[in-house]
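Structure record follows, encoded as structure tokens.
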2 protein chains.
Amino acid sequence: MTADWIAVDWGTSQLRVWGMAGGRVLAAASSDDGMGRLTPEGFQPALLRLIEPWLTEGRQMPVIACGMVGARQGWAEAPYRPVPCAPVAPGLLMPVAADPRLAVRFVPGLSQRKPAADVMRGEETQIAGVLATLPNFDGIICLPGTHTKWAHLSAGEVVSFQTFLTGEMFALLAGQSVLRHSVGASGWDDAAFAEAVADALTSPARVSARLFGLRAEALLAELAPEIARARLSGLLIGAELAAARPYWLGQRVVIVAADGIAHAYAAALAAQGVQAELLPAEQMTLAGLTLAQAGDRP
Amino acid sequence: MTADWIAVDWGTSQLRVWGMAGGRVLAAASSDDGMGRLTPEGFQPALLRLIEPWLTEGRQMPVIACGMVGARQGWAEAPYRPVPCAPVAPGLLMPVAADPRLAVRFVPGLSQRKPAADVMRGEETQIAGVLATLPNFDGIICLPGTHTKWAHLSAGEVVSFQTFLTGEMFALLAGQSVLRHSVGASGWDDAAFAEAVADALTSPARVSARLFGLRAEALLAELAPEIARARLSGLLIGAELAAARPYWLGQRVVIVAADGIAHAYAAALAAQGVQAELLPAEQMTLAGLTLAQAGDRP
């Protein structure tokens, strides 16, 4: 295999790499060496463990990385670019010192001061991938995940965005709170999810009142764990949709889909009359990194 | 010391015992042997570690316990009593097998099926303590804690109640989510708390939108950790107050105060024109256990 360059998606919990020829994937590898478990000295060895077989002595390999690797707690801090701006600006990649066989550069994240402080790292690359896939896209991109992002795109720029802790809150409540006794680790119930989304959208105040009810109903009425799971997800996603209404109401919406949760967002939006388009997350990441790499070639 | 009986408050994380003469405390002790870390066989030894010095050979000591000790995962399961009912009913204490020197009985918790499933274990005893302290009390009792309870009392009975996960959610978000980097472990800011409560009450939907902002503002504008802490608490308590409005609006409210968080609830309610009375939690527990013990004497 002779890769032209290496694409890297380096998040908090995972490191994923691809050996690339232009926009084509030649090889892929991944590990659990996410930013969250590495000290600054640990990044280069973690990267080499995966890509060493793809390197050739005497040739410097371009490596383009997005994600939390550029955070303050990462390999090196890549300053945020303030919105409104294009999601990825070639020529603005940030180099870090590395093995002479490597030329590692980061895609900077985005920041927003108004209307509310917000930041992203990694999603800007997927947004660039959406723009590469759907040229001239104007509308809303929803990126579900631990920290779900909603971004408003217009004329090739991110105009504004907003982050929700929904995914992380679900994991904490389902896995570590008293609800863990009642919420299944798997399983799903579409009707329970839809009812909870609708209730949270109608009355966001009721969400905090309904959470403990999952535990109580399990104790008193043997609420099934998969129903509790879908209902918890529905309450939290419904609360998010209530707050994000200005983003999706009457808009064209693209969901960047990584897993089952993207389909839950799509179902919740469909119940509100919004038929979102789904685009695969990994492909969007690679399209965005390809764009950054191509534009950044000297 | 010759105690008549022993009062026990056995929660998820703590075991607290008092050697009593009637309603008077002769001695007190506590340990971290909460229900959460004990198997059924571990309860009696954990209790004896604290109270053995207070026992006399040949005399059976009455022990009255409230709290999670009576949960399904506790020493033995004490069935819930359904509301509406008096918070504590003498004669309904549940005995468990024990050392011949002990006559251990549990105060049963309360359950509710309508309008929403809910349960409590331990708070019913504090509510009984409030009724013992304020005879003929009609109104609302708020018991802030990991799982805050709001109870409607009328004619000596608990008519209805509702539980909120607010305290547990605060602990998870402040201690384990991405917000942990931005929310101080201590410190407070009254103005930030009041603003966040008011915002959450005005627009509960905004709460989920504002949480990640605590992290973003810390990164972009060096938000002080104590302000982030007070704001997070204010957002969560404000969301709870929005959902619990039917409980407190225009009502007489008593807060059973265990720590600083009770004062935060009092401040939040005062901003809404409700001057809550504060009663000390430990005293309410002891007054409730004393009532149960006195009424239950053969």
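Chain identifiers are assigned alphabetically (A, B, ...) following the order of the sequence lines, protein sequences preceding nucleic acid strands; residue numbering begins at 1 within each chain.
The nearest pair of heavy atoms linking A:Ala209 to B:Ala243 is CB-CB, 3.9 Å. When all heavy atoms of A:Val119 and B:Ala216 are compared, the pair lying nearest together is N-CB, 4.1 Å. Shortest non-hydrogen contact noted between A:Asp118 and B:Leu220 is O-CD1, 3.5 Å.
With a threshold of 4.5 angstrom between heavy atoms, B:Ala116 does not approach chain A through any atom at all. Proximity to chain B involves both the backbone and the side chain of A:Glu217, based on heavy atoms less than 4.5 angstrom apart. B:Val207 does not touch chain A: none of its heavy atoms, backbone or side chain, sits under 4.5 Å away. Contact annotation for B:Glu168: only side-chain heavy atoms (C-beta onward) come within less than 4.5 Å of a heavy atom of chain A. In this structure, chain A has heavy atoms under 4.5 Å from both the backbone and the side chain of B:Gln176. Of the two parts of B:Gln73, only the side chain, counted from C-beta on, holds a non-hydrogen atom closer than 4.5 Å to a non-hydrogen atom of chain A. When heavy atoms are compared at a cutoff of 4.5 Å, A:Leu201 does not approach chain B at all. Neither the backbone nor the side chain of B:Leu236 comes within less than 4.5 Å of any heavy atom in chain A. For B:Arg72, the part lying near chain A is the side chain, with the backbone staying farther off; criterion is any non-hydrogen pair under 4.5 Å.
Among A:Leu211, A:Leu214, A:Thr166, A:Val178, the residue with the largest count of heavy-atom pairs under 4.5 Å with chain B is A:Val178. When each of B:Ala117, B:Ala171, B:Ala200, B:Ala218 is scored by its heavy-atom pairs under 4.5 Å with chain A, the top score falls to B:Ala117.
Counting heavy atoms from C-beta outward, B:Leu165 and A:Arg215 have side chains that stay 4.5 Å or more apart.
Separating the CG atom in A:Leu241 from the OG atom in B:Ser208 is a distance of 9.0 Å, to the nearest 0.5 Å.
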